[in-house]
Amino acid sequence: MEIHVTCDDCKITGKFSSPQKNGEVGIHSITTGFQVGVSWKSEVIENFQEAFIRQVGKATTDAQRKEILEEGISENAFSETIDFELCFTCRGCGNRITLNDFQLIDLIGF
């Protein structure tokens with residue numbers, strides 16, 4: 001399988017080509033004609049349980065609060081990627097195309 005990127009203005013063409021069936025391709029294989037960039041935005045989502053909040057509220061010292069937070073924060077908050085983009089910029093003229101609207105499920109193959 002191959003993926004081709006062509007600049008309409010310069011007619012520069014780059015291609016991602018897998019050396020084997022179902023193989024992986026590095027983004028640096030196309031960088032002679034195009035600059036490739038990836039960006040994403042992450043969001044921390046809080047899932048604080050009332051019992052956890054009460055426990056923090058009952059702590060009377062900073063040391064107690066620190067211990068409670070260190071032990072419970074991983075169960076009460078997590079990070080999620082909410083937006084992902086893949087961008088190809090032509091090195092000849094600066095023309096750009098950005099692929100977006102990826103779903104996390106698309107990226108992990110389900």
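Everything numeric here is computed off the predicted structure, so don't read it as measured data. Nothing fancy with the numbering, it's 1 onward along the sequence.
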Q: Provide the closest heavy-atom pair for I12 versus G33 in the form atom of the first, atom of the second, distance.
A: CG2-CA, 4.0 Å
**Q.** Note, N95 side chain near F88 side chain (heavy atom, < 4.5 Å)
**A.** no
Q) If you count the non-hydrogen atoms of other residues, nucleotides and ligands that lie under 6.0 Å from CD in E50, is the total more than 12? A) no
**Q.** Closest contact, heavy atoms only, C10 versus G92
**A.** SG-C, 4.0 Å
Just list the side-chain donor-acceptor pairs under 3.5 Å for residues 59-68, sequence neighbours left out, or say none.
residue : atom : partner : partner atom : Å
T60     : OG1  : Q64     : OE1          : 3.0
T61     : OG1  : Q64     : N            : 3.1
D62     : OD1  : R65     : NH2          : 2.9
Q64     : OE1  : T60     : N            : 2.6
Q64     : OE1  : T61     : N            : 3.2
R65     : NH1  : A59     : O            : 2.9
K66     : NZ   : E70     : OE2          : 3.2

Q | NZ on K11 to OG1 on T6, rounded to 0.5 Å | A | 8.5 Å
(Q) Check this for me: I97, atom CD1, are more than 12 non-hydrogen atoms of other residues, nucleotides or ligands nearer than 6.0 Å? (A) no
**Q.** Residue among V36, T98, N100 satisfying side-chain contact (heavy atoms from CB on, under 4.5 Å) with L86
**A.** V36
